There are 2 protein chains.
Amino acid sequence: MNVNPTIHDVARAAGVSIKTVSNVLNDNPKVGPETRLRVRRLVDEMGYRPNLSARGLRSGKTGVIGLAVPSLREMYFAELADSVIRAAAKRGLRVVIEQTNGDRELEIATLSGGQMRFIDGLLFSPAAIGQQDVDVLTTDDPLVLLGERIFGGPTDHVTMHNTSSARAAVEHLLGIGRTKIALIGAPEQPADEASSANLRERGYRQALEHSGIGIDPRLVVRGGSWRRETGVAAIRRLRASNVEFDAVFALNDTLALGALRALAQDGLRVPDDVAVIGFDNLDEGRFSLPSLTSVDPGRDEIAETAVALLVNRIQEKDARAAPKTVKSGFRIVQRESTGFGDGDGGRLPSA
Amino acid sequence: MNVNPTIHDVARAAGVSIKTVSNVLNDNPKVGPETRLRVRRLVDEMGYRPNLSARGLRSGKTGVIGLAVPSLREMYFAELADSVIRAAAKRGLRVVIEQTNGDRELEIATLSGGQMRFIDGLLFSPAAIGQQDVDVLTTDDPLVLLGERIFGGPTDHVTMHNTSSARAAVEHLLGIGRTKIALIGAPEQPADEASSANLRERGYRQALEHSGIGIDPRLVVRGGSWRRETGVAAIRRLRASNVEFDAVFALNDTLALGALRALAQDGLRVPDDVAVIGFDNLDEGRFSLPSLTSVDPGRDEIAETAVALLVNRIQEKDARAAPKTVKSGFRIVQRESTGFGDGDGGRLPSA
DNA sequence: GCCCATAGGTACAACGTTGTACATTCCACC
DNA sequence: GGTGGAATGTACAACGTTGTACCTATGGGC
């Protein structure tokens with residue numbers, strides 16, 4: 001028995017032509033039920049599995065898509081990757097993950113690189129390139145953009161309601177009676193450029209201005225990457241500046257978790273002294289102490305939509321359709337850090 | 001300008017044969033410097049990129065390896081995937097990630113599935129199949145096993161020093177004066193079967209027996225998956241049973257983080273009242289409150305070794321070599337939860 | 001001036017699959 | 001009893017690349 005039988009071996013064993021075997025494998029109709037059965041049995045017996053390189057060469061499709069993200073060490077991207085892999089698996093696709101490390105050169109290389117003659121399409125979540133690089137997205141290969149760094153590009157784009165969900169987050173804090181709401185993880189300087197940070201800051205401002213409270217610049221902590229240390233440092237800065245605050249809106253969960261830590265260390269009670277809300281609804285927030293209220297940006301929906309758009313482009317159903325932009329729905333998942341619950345991380349308002 | 005030029009297009013443009021272009025691309029010597037230059041320039045100008053399906057078909061190698069893990073939502077596997085992708089990238093390989101969800105059928109399907117005619121080799125981290133399934137690993141395709149569920153199989157295997165590092169963890173607790181050391185995440189029933197849980201429990205027993213303290217079965221909390229809730233529940237069980245304990249060895253970091261949460265909720269100080277040590281050295285433990293002492297099992301080393309072994313098998317340098325088993329080195333990373341530091345998560349003994 | 005080595009190339013087949021176009025059988029129908 | 005048309009198949013080319021075998025100048029050694 002050959003170690004790796006080809007379609008020829010199966011055909012010979014079955015006494016039919018290779019095309020007939022191919023037809024059986026692809027459920028083409030032109031095969032009699034008896035022949036079909038015999039071929040199927042031999043395929044199983046011989047352990048035949050089609051060579052995807054050959055199939056890919058012939059058909060121009062490999063059944064593999066790429067997902068480019070900064071790093072799986074960032075939980076947001078690990079969870080996104082999980083969702084994307086599941087969405088792809090549903091459609092019989094596999095996913096190659098490319099880590100760009102938030103490196104500009106690597107991101108550009110990924111977009112224009114040899115990668116593209118191998119995968120059928122790419123889901124790309126940029127971290128370094130921005131609006132000014134919009135032209136590097138111009139390509140004939142199927143590409144779906146994720147995230148907030150580039151808008152109005154030439155490709156399909158899946159993003160979230162950053163501004164309105166951020167506004168809802170702040171309104172949630174207002175709703176539980178907080179008025180001195182700090183913002184942490186804000187961009188280095190407020191700008192109109194589209195980025196998660198800017199868009200979410202805008203939501204913060206809208207909520208406060210609309211409520212009549214207005215913005216106190218001392219409550220806005222700017223700068224730093226969205227890591228836990230930054231959340232810790234932000235709380236330290238607020239405390240050191242002696243400004244009073246009774247709530248914190250962290251622009252993502254990782255920052256929020258750092259903030260929780262720093263607040264606990266300073267003996268401040270959450271939510272009694274300070275309420276905290278994050279953004280991303282990471283698994284982790286369900287089990288922090290206290291558990292973390294967060295904006296759920298609909299990661300599964302984002303993944304599902306992005307894969308669906310990509311598949312459409314790959315199949316060229318949409319060959320030359322205008323680029324589409326889709327925003328996923330969001331919701332606030334309330335947990336202990338804004339007052340929900342009895343201190344039991346096990347009972348939560350949502351899965 | 002053709003959208004996707006092939007080697008033929010480049011050859012025609014350069015006025016040479018396709019083989020010459022191929023030779024230039026593969027740095028074969030039989031090309032004059034002038035021709036080489038001209039071809040190179042045209043490759044750039046035309047944006048030619050080799051079709052990897054064709055190359056894969058011809059050469060039998062795709063440049064893609066698979067990594068099968070239960071789920072990227074488990075931080076351990078996300079970090080492992082990060083390390084594997086980096087190790088693979090160093091060697092010019094890409095990684096397809098397959099999630100098995102800890103599902104037996106899916107794991108077996110992954111091993112014997114169509115996957116294999118597409119990737120050059122597979123790194124497989126089982127979560128459901130065990131020693132009794134050792135024969136499903138028998139395959140002619142390059143396969144490297146990760147983890148502790150199966151030993152003595154027919155493939156290369158990368159694992160860690162579970163028992164001795166667990167023993168070292170407990171000895172670390174003994175070393176800071178703790179004697180009533182609880183174990184959480186222990187297997188449902190103690191067994192000889194090789195699994196992370198059993199092997200690590202064995203280390204716990206060895207340390208305590210060797211120290212003369214011996215095992216108090218009331219301190220061993222059995223059952224539950226290694227999730228945060230389980231860590232929370234384990235502490236609750238210990239507290240409810242009224243047994244005294246001054247330290248906790250959690251069989252992984254996720255459990256330990258749950259334990260930290262439950263301890264804090266009960267007003268117990270860590271490490272003053274209860275010291276805690278985990279296992280895995282996740283990024284997350286660096287930023288928990290308090291930061292978490294943990295066993296670092298050498299994930300980068302594991303990834304690096306596993307990819308190296310796989311590449312050897314793929315290149316058949318080792319065509320029929322006996323299966324190798326490699327154990328990575330380990331070390332204890334001491335942080336606040338066992339007494340290190342001043343409460344500042346920013347200053348740590350190691351990156 | 002001849003032979004031979006060598007550098008620099010070329011032609012062709014092959015990898016395993018699927019699409020296109022055509023072949024054969026069998027039966028229903030007029 | 002010929003005609004048409006399903007039903008069931010087959011042969012061959014083609015996808016883009018690389019390995020094998022070969023070809024052709026050129027120049028050096030004698």
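Since we're looking at a predicted model, the values are computed, not measured. Per chain, numbering begins at 1; letters A, B, ... match sequence-line order. In what follows, every heavy atom counts, from backbone to side chain, and hydrogens, waters and symmetry copies are set aside.
- Atom pair A:L37:CG and D:dT8:C1' shows a separation of 16 Å (rounding to whole Å applied).
- Salt bridge status for B:R38 with B:D44: absent, with no side-chain N to carboxylate O gap under 4.0 Å.
- Among B:T139, B:D141, B:T100, B:L122, the one residue that satisfies the side-chain contact (heavy atoms from CB on, under 4.5 Å) test with B:L111 is B:L122.
- Defined by atom type and a distance below 3.5 Å, a donor-acceptor pair is missing between the side-chain atoms of B:E148 and B:S195.
- Per the geometry, CD1 belonging to A:I18 stands 15 Å off P belonging to D:dG9, to the nearest Å.
- Under the 3.5 Å distance criterion, the side-chain polar atoms of A:N23 are left unmatched by any main-chain donor or acceptor of A:K30.
- Set against C:dG9, D:dT10, D:dT18, the side chain of A:N23 has D:dT10 as its closest nucleotide.
- The nearest heavy atom of DNA chain C to B:P33 and to A:H8 marks one nucleotide each, and the one closer to the 5' end goes with B:P33.
- Taking atom CG of A:L52 as the reference point, atom C1' of C:dC15 lies 14 Å away to the nearest angstrom.
- Taking a 4.0 Å limit (strictly below) on heavy-atom distances, residues 57-65 of chain A reaches DNA chain D at A:L57, A:R58.
- At D:dG16, none of the side-chain N or O atoms of B:T6 fall inside 4.0 Å of OP1 or OP2 (strictly under the cut-off).
- Salt-bridge check for B:D82 with B:R299: failed, with every basic side-chain N at 4.0 Å or more from each acidic carboxylate O.
- One atom, CG of A:N51, and another, P of D:dT17, lie 16 Å apart when rounded to the nearest Å.
- Atom P of nucleotide C:dT10 and atom NZ of B:K30 are separated by 13 Å, given to the nearest angstrom.
- Between the C1' atom of C:dG9 and the CG atom of B:N28 lies a distance of 12 Å, rounded to the nearest Å.
- For a distance-only test at 3.5 Å, the side chain of A:K19 fails to qualify as a donor-acceptor partner of the base of D:dG9.
- When heavy atoms are screened at a 4.0 angstrom cut-off, B:T35 is found touching the sugar-phosphate backbone but no base atom.
- At a cut-off of 3.5 Å, with distance as the only test, no side-chain donor of A:N101 or A:R73 sits close to an acceptor on the other residue.
- Residue A:I7 contributes atom CD1, which lies 12 Å from atom P of D:dT10 at whole-angstrom precision.
- Ionic pairing of A:E301 and A:K327 is not present here: no N-O contact between side-chain nitrogen and carboxylate oxygen is shorter than 4.0 angstrom.
- The nearest whole Å value for the distance from the CE atom in A:M46 to the P atom in C:dG16 is 13 Å.
- OP1 or OP2 of C:dT10 sits under 4.0 Å from a side-chain N or O of B:T20.
- Phosphate contact (OP1/OP2 of C:dT18, side-chain N/O of A:S22, threshold under 4.0 Å): present.
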